[in-house]
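Worksheet: one structure, shown below.
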Amino acid sequence: MIQKTREKFIALFGKEPLIVVSPGRINLIGEHTDYNDGFVLPAAIDKKIVYAVALNDTRQCNAHAVFTNETVSFSLEDVKPTPGWINYLMGVVDQLQRGGYEVKGFDCVINGDIPVGAGMSSSAAVEGGLVAALDHIFHYGMDRMQMALLGQRAEHTFPGVKCGIMDQFANLHGKKDQVMRLDCRSLDFEYFPFNFPEYKIVLCNSMVHHSLASSEYNVRRQQCEEGVKAIQAMHPEVKSLRDATMQQLDEVRDQLSAKIYDRCAYVISEIQRVQDATELLKKGDLQQFGQLMYATHEGLSKQYEVSCPELDFLVTLAKERPEVAGARVMGGGFGGCTINLVKQEEVASYQSYIQSRYKEEFGITPDVYVTTIEDGVTVN
Ligand code: GLA
(Lines give C-alpha, C1' and ligand atoms only; values in the text may rest on other atoms or scores of the structure.)
Protein backbone atom coordinates (compact mmCIF):
# COMPACT_ATOMS: atom_id res chain seq x y z
CA MET A 1 0.00 0.00 0.00
CA ILE A 2 2.94 2.33 0.72
CA GLN A 3 4.29 1.82 -2.78
CA LYS A 4 0.88 2.38 -4.40
CA THR A 5 0.35 5.57 -2.43
CA ARG A 6 3.75 6.89 -3.44
CA GLU A 7 3.17 6.04 -7.10
CA LYS A 8 -0.23 7.72 -7.07
CA PHE A 9 1.34 10.84 -5.57
CA ILE A 10 4.06 10.96 -8.20
CA ALA A 11 1.49 10.44 -10.97
CA LEU A 12 -0.68 13.29 -9.65
CA PHE A 13 1.87 15.79 -8.41
CA GLY A 14 5.11 14.87 -10.20
CA LYS A 15 7.53 14.88 -7.26
CA GLU A 16 8.85 12.60 -4.52
CA PRO A 17 6.69 12.63 -1.32
CA LEU A 18 7.31 12.05 2.37
CA ILE A 19 5.58 8.82 3.45
CA VAL A 20 3.78 8.55 6.79
CA VAL A 21 2.11 5.39 8.09
CA SER A 22 -0.57 6.01 10.71
CA PRO A 23 -2.23 3.02 12.39
CA GLY A 24 -5.69 2.32 13.77
CA ARG A 25 -6.00 1.09 17.33
CA ILE A 26 -7.54 -1.56 19.51
CA ASN A 27 -8.38 -1.15 23.17
CA LEU A 28 -8.17 -4.22 25.37
CA ILE A 29 -10.14 -2.70 28.23
CA GLY A 30 -11.10 0.72 29.62
CA GLU A 31 -13.95 2.03 27.47
CA HIS A 32 -15.44 5.51 27.97
CA THR A 33 -12.98 6.01 30.80
CA ASP A 34 -10.60 8.41 29.01
CA TYR A 35 -12.79 11.52 29.19
CA ASN A 36 -13.47 10.65 32.83
CA ASP A 37 -9.76 10.94 33.69
CA GLY A 38 -9.48 7.15 34.07
CA PHE A 39 -7.22 4.51 32.54
CA VAL A 40 -7.19 2.80 29.14
CA LEU A 41 -5.24 -0.14 27.69
CA PRO A 42 -4.92 0.44 23.94
CA ALA A 43 -2.41 -0.54 21.24
CA ALA A 44 -1.77 0.45 17.63
CA ILE A 45 -2.51 -2.22 14.99
CA ASP A 46 -1.70 -3.36 11.46
CA LYS A 47 -4.66 -1.53 9.90
CA LYS A 48 -3.44 1.86 8.75
CA ILE A 49 -3.74 5.13 6.88
CA VAL A 50 -0.85 5.93 4.53
CA TYR A 51 -0.02 9.51 3.59
CA ALA A 52 2.24 10.76 0.80
CA VAL A 53 2.89 14.49 1.33
CA ALA A 54 5.05 17.28 -0.15
CA LEU A 55 5.10 21.08 -0.19
CA ASN A 56 3.75 22.85 -3.27
CA ASP A 57 4.91 26.50 -2.84
CA THR A 58 1.35 27.87 -2.90
CA ARG A 59 -1.29 28.81 -0.28
CA GLN A 60 -3.41 25.86 -1.43
CA CYS A 61 -3.71 22.32 -0.03
CA ASN A 62 -4.64 19.57 -2.49
CA ALA A 63 -5.61 16.19 -1.07
CA HIS A 64 -6.42 13.07 -3.07
CA ALA A 65 -8.18 10.18 -1.31
CA VAL A 66 -7.57 6.82 -2.94
CA PHE A 67 -10.62 5.27 -1.21
CA THR A 68 -13.05 7.74 -2.84
CA ASN A 69 -10.86 8.52 -5.87
CA GLU A 70 -11.49 12.20 -5.35
CA THR A 71 -9.25 15.26 -5.02
CA VAL A 72 -10.31 18.11 -2.75
CA SER A 73 -8.53 21.47 -2.52
CA PHE A 74 -8.79 24.20 0.07
CA SER A 75 -7.07 27.51 0.67
CA LEU A 76 -5.04 28.08 3.83
CA GLU A 77 -6.96 31.36 4.13
CA ASP A 78 -10.30 29.55 4.26
CA VAL A 79 -10.07 26.62 6.68
CA LYS A 80 -13.52 25.82 8.08
CA PRO A 81 -15.65 22.76 8.92
CA THR A 82 -16.50 21.07 5.62
CA PRO A 83 -18.48 17.85 5.00
CA GLY A 84 -16.58 14.67 4.11
CA TRP A 85 -13.17 13.22 4.92
CA ILE A 86 -11.42 16.53 4.16
CA ASN A 87 -12.91 17.85 7.43
CA TYR A 88 -10.38 15.81 9.43
CA LEU A 89 -7.46 17.29 7.50
CA MET A 90 -8.84 20.80 7.74
CA GLY A 91 -9.39 20.37 11.47
CA VAL A 92 -5.68 19.58 11.89
CA VAL A 93 -4.59 22.52 9.73
CA ASP A 94 -6.91 24.81 11.69
CA GLN A 95 -5.46 23.68 15.03
CA LEU A 96 -1.91 24.16 13.75
CA GLN A 97 -2.73 27.67 12.58
CA ARG A 98 -4.42 28.52 15.88
CA GLY A 99 -1.44 27.14 17.78
CA GLY A 100 0.90 29.49 15.92
CA TYR A 101 2.48 26.79 13.74
CA GLU A 102 3.08 28.09 10.24
CA VAL A 103 1.45 25.94 7.56
CA LYS A 104 2.31 26.38 3.88
CA GLY A 105 0.55 24.82 0.90
CA PHE A 106 0.97 21.07 0.46
CA ASP A 107 -0.17 18.22 -1.76
CA CYS A 108 -1.08 14.84 -0.34
CA VAL A 109 -2.44 11.44 -1.22
CA ILE A 110 -4.26 9.55 1.51
CA ASN A 111 -4.83 5.83 1.34
CA GLY A 112 -5.77 3.23 3.91
CA ASP A 113 -7.37 -0.02 5.00
CA ILE A 114 -8.94 0.93 8.34
CA PRO A 115 -12.66 0.26 7.96
CA VAL A 116 -14.56 3.49 8.67
CA GLY A 117 -17.03 3.43 11.56
CA ALA A 118 -15.76 0.07 12.81
CA GLY A 119 -14.34 1.36 16.11
CA MET A 120 -10.68 1.17 15.07
CA SER A 121 -10.36 4.92 15.01
CA SER A 122 -9.71 5.77 11.42
CA SER A 123 -10.31 9.44 12.27
CA ALA A 124 -7.48 9.59 14.83
CA ALA A 125 -5.24 7.89 12.26
CA VAL A 126 -6.09 10.53 9.66
CA GLU A 127 -5.42 13.32 12.16
CA GLY A 128 -2.26 11.85 13.73
CA GLY A 129 -0.72 11.01 10.37
CA LEU A 130 -1.17 14.54 9.08
CA VAL A 131 0.14 16.23 12.24
CA ALA A 132 3.24 14.02 12.15
CA ALA A 133 3.77 14.68 8.44
CA LEU A 134 3.48 18.46 8.79
CA ASP A 135 5.61 18.44 11.95
CA HIS A 136 8.34 16.71 9.96
CA ILE A 137 8.05 18.91 6.88
CA PHE A 138 7.86 22.22 8.78
CA HIS A 139 10.21 21.26 11.67
CA TYR A 140 7.75 22.21 14.41
CA GLY A 141 9.58 20.00 16.89
CA MET A 142 6.37 18.77 18.55
CA ASP A 143 6.54 15.72 20.79
CA ARG A 144 4.13 12.85 20.32
CA MET A 145 1.86 13.87 23.19
CA GLN A 146 1.54 17.40 21.79
CA MET A 147 0.58 15.87 18.46
CA ALA A 148 -2.04 13.65 20.13
CA LEU A 149 -3.54 16.58 22.02
CA LEU A 150 -3.65 18.63 18.84
CA GLY A 151 -5.42 15.80 16.99
CA GLN A 152 -7.94 15.55 19.83
CA ARG A 153 -8.69 19.29 19.63
CA ALA A 154 -9.13 18.96 15.86
CA GLU A 155 -11.69 16.19 16.48
CA HIS A 156 -13.54 18.36 19.01
CA THR A 157 -13.71 21.42 16.80
CA PHE A 158 -14.26 20.13 13.25
CA PRO A 159 -16.13 16.79 13.33
CA GLY A 160 -17.46 17.94 16.73
CA VAL A 161 -16.92 14.68 18.65
CA LYS A 162 -15.88 15.51 22.22
CA CYS A 163 -13.61 12.49 22.35
CA GLY A 164 -11.09 11.61 25.03
CA ILE A 165 -7.37 11.26 24.34
CA MET A 166 -7.15 7.47 23.91
CA ASP A 167 -7.32 7.15 20.12
CA GLN A 168 -4.89 9.92 19.25
CA PHE A 169 -2.56 8.76 22.02
CA ALA A 170 -2.52 5.14 20.84
CA ASN A 171 -2.06 6.10 17.20
CA LEU A 172 1.05 8.13 18.01
CA HIS A 173 2.61 6.10 20.84
CA GLY A 174 2.04 2.50 19.76
CA LYS A 175 4.90 0.00 19.96
CA LYS A 176 5.10 -3.40 18.30
CA ASP A 177 3.73 -6.20 20.52
CA GLN A 178 3.17 -3.84 23.46
CA VAL A 179 -0.04 -2.55 24.96
CA MET A 180 -0.03 0.74 26.82
CA ARG A 181 -1.70 1.67 30.04
CA LEU A 182 -2.42 5.37 29.90
CA ASP A 183 -3.47 7.44 32.87
CA CYS A 184 -5.75 9.90 31.06
CA ARG A 185 -5.44 12.45 33.85
CA SER A 186 -1.66 12.75 34.20
CA LEU A 187 -0.96 11.41 30.69
CA ASP A 188 1.69 9.10 32.21
CA PHE A 189 1.87 5.77 30.46
CA GLU A 190 3.58 2.40 30.65
CA TYR A 191 4.19 -0.26 28.02
CA PHE A 192 3.42 -3.92 28.74
CA PRO A 193 4.34 -6.78 26.44
CA PHE A 194 1.27 -8.54 25.10
CA ASN A 195 2.99 -11.83 25.17
CA PHE A 196 0.40 -14.53 24.50
CA PRO A 197 1.62 -16.30 21.37
CA GLU A 198 -1.15 -18.90 21.66
CA TYR A 199 -3.85 -16.19 21.37
CA LYS A 200 -4.86 -13.83 18.57
CA ILE A 201 -6.72 -10.55 18.76
CA VAL A 202 -9.72 -10.95 16.47
CA LEU A 203 -12.10 -8.14 15.58
CA CYS A 204 -15.62 -9.03 14.42
CA ASN A 205 -17.35 -6.23 12.57
CA SER A 206 -21.09 -6.01 13.20
CA MET A 207 -21.24 -3.94 9.98
CA VAL A 208 -23.60 -1.61 11.87
CA HIS A 209 -22.88 2.10 11.44
CA HIS A 210 -24.98 3.98 13.92
CA SER A 211 -25.75 7.44 12.65
CA LEU A 212 -26.25 8.69 16.22
CA ALA A 213 -22.78 7.57 17.33
CA SER A 214 -21.24 11.03 17.64
CA SER A 215 -24.23 12.83 19.13
CA GLU A 216 -24.91 10.03 21.63
CA TYR A 217 -21.21 9.98 22.49
CA ASN A 218 -21.36 13.65 23.47
CA VAL A 219 -24.52 12.94 25.50
CA ARG A 220 -22.66 10.24 27.49
CA ARG A 221 -19.98 12.73 28.30
CA GLN A 222 -22.52 15.25 29.60
CA GLN A 223 -24.25 12.57 31.66
CA CYS A 224 -20.97 11.76 33.39
CA GLU A 225 -20.44 15.46 34.12
CA GLU A 226 -23.92 15.66 35.59
CA GLY A 227 -23.12 12.80 37.96
CA VAL A 228 -19.85 14.45 38.98
CA LYS A 229 -21.66 17.71 39.80
CA ALA A 230 -24.02 15.94 42.19
CA ILE A 231 -21.17 14.11 43.95
CA GLN A 232 -19.08 17.29 44.07
CA ALA A 233 -21.78 19.09 46.04
CA MET A 234 -21.06 16.68 48.93
CA HIS A 235 -17.44 15.88 48.13
CA PRO A 236 -15.76 18.93 46.63
CA GLU A 237 -12.50 17.01 46.12
CA VAL A 238 -14.16 14.89 43.41
CA LYS A 239 -13.15 16.50 40.12
CA SER A 240 -14.17 13.66 37.81
CA LEU A 241 -15.48 10.09 38.01
CA ARG A 242 -11.86 8.99 38.41
CA ASP A 243 -12.00 10.38 41.95
CA ALA A 244 -15.44 9.03 42.83
CA THR A 245 -16.29 5.82 44.67
CA MET A 246 -19.45 3.72 44.36
CA GLN A 247 -20.26 4.71 47.93
CA GLN A 248 -20.18 8.42 47.04
CA LEU A 249 -22.34 7.75 44.01
CA ASP A 250 -24.83 5.87 46.18
CA GLU A 251 -25.02 8.83 48.57
CA VAL A 252 -26.47 10.99 45.78
CA ARG A 253 -28.51 8.28 44.14
CA ASP A 254 -31.88 9.90 44.89
CA GLN A 255 -30.78 13.15 43.23
CA LEU A 256 -29.93 11.39 39.97
CA SER A 257 -32.08 9.81 37.31
CA ALA A 258 -31.65 6.05 37.02
CA LYS A 259 -29.87 6.63 33.70
CA ILE A 260 -27.28 9.02 35.09
CA TYR A 261 -26.70 6.70 38.04
CA ASP A 262 -26.10 3.75 35.71
CA ARG A 263 -23.77 5.73 33.46
CA CYS A 264 -21.62 6.77 36.42
CA ALA A 265 -21.72 3.33 38.05
CA TYR A 266 -20.41 1.82 34.82
CA VAL A 267 -17.52 4.30 34.57
CA ILE A 268 -16.48 3.94 38.21
CA SER A 269 -16.40 0.13 37.88
CA GLU A 270 -14.64 0.25 34.54
CA ILE A 271 -11.82 2.46 35.84
CA GLN A 272 -11.23 -0.13 38.57
CA ARG A 273 -11.43 -2.97 36.03
CA VAL A 274 -8.57 -1.52 34.01
CA GLN A 275 -6.40 -1.52 37.14
CA ASP A 276 -7.33 -5.13 37.92
CA ALA A 277 -6.92 -6.16 34.28
CA THR A 278 -3.41 -4.71 34.14
CA GLU A 279 -2.39 -6.82 37.13
CA LEU A 280 -3.82 -9.94 35.47
CA LEU A 281 -1.96 -9.14 32.27
CA LYS A 282 1.30 -8.77 34.19
CA LYS A 283 0.67 -12.17 35.81
CA GLY A 284 -0.11 -13.69 32.42
CA ASP A 285 -3.66 -14.64 33.44
CA LEU A 286 -5.53 -14.16 30.18
CA GLN A 287 -8.51 -16.25 31.32
CA GLN A 288 -9.36 -13.90 34.20
CA PHE A 289 -8.53 -10.95 32.00
CA GLY A 290 -11.12 -12.22 29.52
CA GLN A 291 -13.75 -12.43 32.27
CA LEU A 292 -13.22 -8.72 32.91
CA MET A 293 -13.77 -8.05 29.20
CA TYR A 294 -17.14 -9.79 29.42
CA ALA A 295 -17.98 -7.70 32.50
CA THR A 296 -17.09 -4.56 30.55
CA HIS A 297 -19.41 -5.61 27.75
CA GLU A 298 -22.24 -6.20 30.19
CA GLY A 299 -21.74 -2.69 31.60
CA LEU A 300 -21.46 -1.06 28.18
CA SER A 301 -24.62 -2.82 27.07
CA LYS A 302 -26.88 -2.50 30.14
CA GLN A 303 -25.61 0.50 32.08
CA TYR A 304 -23.87 2.70 29.53
CA GLU A 305 -26.19 1.65 26.67
CA VAL A 306 -23.72 1.97 23.82
CA SER A 307 -24.18 -1.54 22.43
CA CYS A 308 -26.82 -2.81 19.98
CA PRO A 309 -28.47 -6.21 19.35
CA GLU A 310 -25.86 -7.11 16.72
CA LEU A 311 -22.91 -6.47 19.06
CA ASP A 312 -24.64 -8.24 21.94
CA PHE A 313 -25.22 -11.23 19.67
CA LEU A 314 -21.52 -11.35 18.72
CA VAL A 315 -20.52 -11.35 22.39
CA THR A 316 -23.09 -14.03 23.22
CA LEU A 317 -21.61 -16.22 20.48
CA ALA A 318 -18.10 -15.62 21.85
CA LYS A 319 -19.16 -16.65 25.36
CA GLU A 320 -20.32 -20.05 24.09
CA ARG A 321 -16.92 -20.83 22.63
CA PRO A 322 -14.18 -22.30 24.86
CA GLU A 323 -11.45 -21.03 22.51
CA VAL A 324 -12.38 -17.43 23.37
CA ALA A 325 -10.85 -15.97 26.54
CA GLY A 326 -12.95 -12.81 26.41
CA ALA A 327 -14.89 -10.46 24.12
CA ARG A 328 -16.68 -7.13 24.21
CA VAL A 329 -17.72 -4.16 22.09
CA MET A 330 -14.72 -1.97 21.37
CA GLY A 331 -14.44 1.83 21.05
CA GLY A 332 -17.28 4.32 21.23
CA GLY A 333 -19.97 1.70 20.45
CA PHE A 334 -23.37 1.94 18.70
CA GLY A 335 -21.97 -0.42 16.05
CA GLY A 336 -18.50 -1.30 14.85
CA CYS A 337 -16.49 -4.24 16.14
CA THR A 338 -16.17 -6.59 19.04
CA ILE A 339 -12.67 -7.44 20.22
CA ASN A 340 -12.12 -11.14 20.91
CA LEU A 341 -9.12 -12.98 22.35
CA VAL A 342 -9.12 -16.29 20.48
CA LYS A 343 -6.86 -19.36 20.67
CA GLN A 344 -4.61 -19.21 17.64
CA GLU A 345 -5.32 -22.70 16.29
CA GLU A 346 -9.08 -22.09 16.50
CA VAL A 347 -9.15 -18.70 14.77
CA ALA A 348 -10.24 -20.05 11.37
CA SER A 349 -13.04 -22.19 12.78
CA TYR A 350 -14.15 -19.35 15.09
CA GLN A 351 -14.31 -17.00 12.13
CA SER A 352 -16.49 -19.30 10.06
CA TYR A 353 -18.72 -20.07 13.06
CA ILE A 354 -19.27 -16.35 13.77
CA GLN A 355 -19.87 -15.54 10.12
CA SER A 356 -22.42 -18.26 9.56
CA ARG A 357 -24.35 -17.70 12.82
CA TYR A 358 -24.40 -13.94 12.27
CA LYS A 359 -25.58 -14.35 8.69
CA GLU A 360 -28.41 -16.64 9.83
CA GLU A 361 -29.48 -14.05 12.39
CA PHE A 362 -29.01 -10.73 10.55
CA GLY A 363 -28.69 -11.68 6.88
CA ILE A 364 -25.19 -10.26 6.36
CA THR A 365 -21.70 -11.68 6.68
CA PRO A 366 -19.58 -9.81 9.21
CA ASP A 367 -15.99 -8.96 8.31
CA VAL A 368 -13.47 -10.55 10.66
CA TYR A 369 -9.94 -9.16 11.10
CA VAL A 370 -7.10 -10.98 12.80
CA THR A 371 -4.91 -8.10 13.98
CA THR A 372 -1.38 -7.70 15.23
CA ILE A 373 0.03 -4.99 17.50
CA GLU A 374 2.31 -2.61 15.62
CA ASP A 375 4.24 0.64 15.99
CA GLY A 376 2.48 3.99 16.17
CA VAL A 377 2.83 6.65 13.47
CA THR A 378 6.04 6.25 11.49
CA VAL A 379 7.53 8.95 9.29
CA ASN A 380 9.74 7.67 6.46
C1 GLA B 1 -14.00 6.77 21.02
C2 GLA B 1 -13.29 8.02 21.50
C3 GLA B 1 -12.29 7.70 22.61
C4 GLA B 1 -12.93 6.87 23.72
C5 GLA B 1 -13.71 5.70 23.12
C6 GLA B 1 -14.50 4.96 24.17
O7 GLA B 1 -13.10 5.91 20.39
O8 GLA B 1 -12.62 8.65 20.45
O9 GLA B 1 -11.74 8.89 23.13
O10 GLA B 1 -13.73 7.66 24.54
O11 GLA B 1 -14.61 6.11 22.11
O12 GLA B 1 -13.65 4.38 25.08
Side-chain angles (χ1 to χ4, degrees), residues 22-45 47 87-88 91-92 114-128 145 148-174 179-185 187 189 203 205 209-210 212-225 240-242 263-264 266-271 273-274 277 292-293 295-297 299-301 303-308 311 328-339:
S22 185
R25 63 105 189 86
I26 51 161
N27 183 28
L28 284 177
I29 199 160
E31 222 62 270
H32 291 274
T33 48
D34 58 354
Y35 54 85
N36 287 298
D37 283 348
F39 300 90
V40 291
L41 208 60
I45 55 171
K47 295 267 175 225
N87 202 28
Y88 296 90
V92 165
I114 308 178
V116 173
M120 285 177 238
S121 211
S122 55
S123 61
V126 170
E127 291 151 356
M145 197 60 91
L149 289 165
L150 189 138
Q152 182 195 22
R153 286 196 299 275
E155 182 83 30
H156 285 189
T157 49
F158 273 47
V161 180
K162 305 288 179 207
C163 63
I165 189 64
M166 170 170 75
D167 302 352
Q168 288 80 10
F169 163 81
N171 163 260
L172 283 151
H173 294 80
V179 296
M180 299 166 281
R181 189 187 57 174
L182 173 69
D183 176 336
C184 299
R185 168 172 275 166
L187 299 182
F189 59 98
L203 308 180
N205 192 345
H209 297 257
H210 200 302
L212 289 177
S214 55
S215 58
E216 280 296 316
Y217 182 92
N218 292 347
V219 168
R220 294 297 177 284
R221 200 172 169 145
Q222 284 163 11
Q223 289 171 329
C224 293
E225 284 164 12
S240 66
L241 289 177
R242 160 78 173 272
R263 304 294 192 248
C264 297
Y266 162 75
V267 172
I268 293 171
S269 337
E270 179 73 353
I271 291 174
R273 262 193 297 269
V274 184
L292 294 184
M293 292 172 75
T296 294
H297 185 80
L300 285 169
S301 177
Q303 296 176 295
Y304 218 63
E305 294 184 291
V306 295
S307 186
C308 59
L311 290 164
R328 61 179 195 80
V329 48
M330 186 179 76
F334 305 104
C337 289
T338 59
I339 175 169

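For the single chain, residues carry numbers from 1 onward in sequence order. When a ligand or atom number is given, it counts from 1 through the structure's own listing order. Below, each value reflects all heavy atoms present in this structure, side chains not excepted, and no hydrogens, waters or symmetry copies.
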task = Within a distance under 4.0 Å of any heavy atom of R25, pick out the atoms of ligand 1 and give their elements.
result = 7 (O)

request  = Looking only at protein heavy atoms, identify the closest one to atom 10 (O) of ligand 1 and say how far it is in Å.
outcome  = Y217 OH, 2.6 Å

Atoms in ligand 1 flagged as close to Y35, the criterion being non-hydrogen separation under 4.0 Å = 10 (O)

remark   = Numbered in order shown, the ligand 1 atoms found under 4.0 Å of a heavy atom of G164 are 9 (O)

request  = Ignoring angles and geometry beyond distance, decide whether H32 reaches within less than 3.5 Å of ligand 1 through its nitrogen or oxygen atoms.
outcome  = yes

Donor-acceptor under 3.5 Å (H32 side chain, G332 main chain) = yes

task = Decide yes or no for R273 and E31: does some side-chain heavy atom of the first lie under 4.5 Å from some side-chain heavy atom of the second?
result = no

key: Under 3.5 Å: N/O of G332 near N/O of ligand 1   = yes

key: CA sep, side-chain torsions, deciding dist, call: R263, E305, salt bridge (charged side-chain N to carboxylate O under 4.0 Å, His left out)   = CA-CA 8 Å; R263 304 294 192 248; E305 294 184 291; 2.9 Å; yes

key: Distance from atom 7 (O) of ligand 1 to nearest protein heavy atom, with residue and atom   = D167 OD2, 2.8 Å

message = Students often mix this up, so state it plainly: with edges at 30° and 60°, are the rings of Y35 and Y217 parallel, tilted or perpendicular?
response = perpendicular

request  = Could you tell me which atoms of ligand 1, counted from 1 in the order shown, lie closer than 4.0 angstrom to a heavy atom of C163?
outcome  = 2 (C), 8 (O), 9 (O)

request  = Number the atoms of ligand 1 from 1 as they appear, then name those within less than 4.0 Å of a heavy atom of M166, with their elements.
outcome  = 4 (C), 5 (C), 12 (O)

message = Apply side chain to side chain contact (heavy atoms under 4.5 Å, CB included) to residues N205 and C337 and explain how you reach the verdict.
response = CA-CA 4 Å; N205 192 345; C337 289; 3.8 Å; yes

inquiry  = I'd like to know whether the aromatic ring centres of F189 and H173 sit less than 6.0 Å apart in this structure.
reply    = yes

ask   = Does G331 have a non-hydrogen atom less than 4.0 Å from ligand 1?
value = yes

task = Mind checking whether R221 contacts ligand 1 via backbone (N, CA, C, O), side chain (CB onward), both or neither, at a 4.0 Å heavy-atom cut-off?
result = neither

inquiry  = Whether the side chain of R221 engages the backbone of C163 through a donor-acceptor N/O pair (distance < 3.5 Å, no angle test) should be reported.
reply    = yes

For atom 9 (O) of ligand 1, the protein heavy atom that lies nearest, with its residue and separation = D34 OD2, 2.5 Å

message = So, taking the atom named CD1 in I271 and the one named CG in D183, what distance separates them when rounded to the nearest 0.5 Å?
response = 10.0 Å

ask   = Hey, is ligand 1 close enough to N27 that some N/O pair sits below 3.5 Å?
value = no

ask   = If every non-hydrogen atom of I29 is compared with every non-hydrogen atom of M293, which pair is closest and at what distance?
value = CD1-N, 4.1 Å

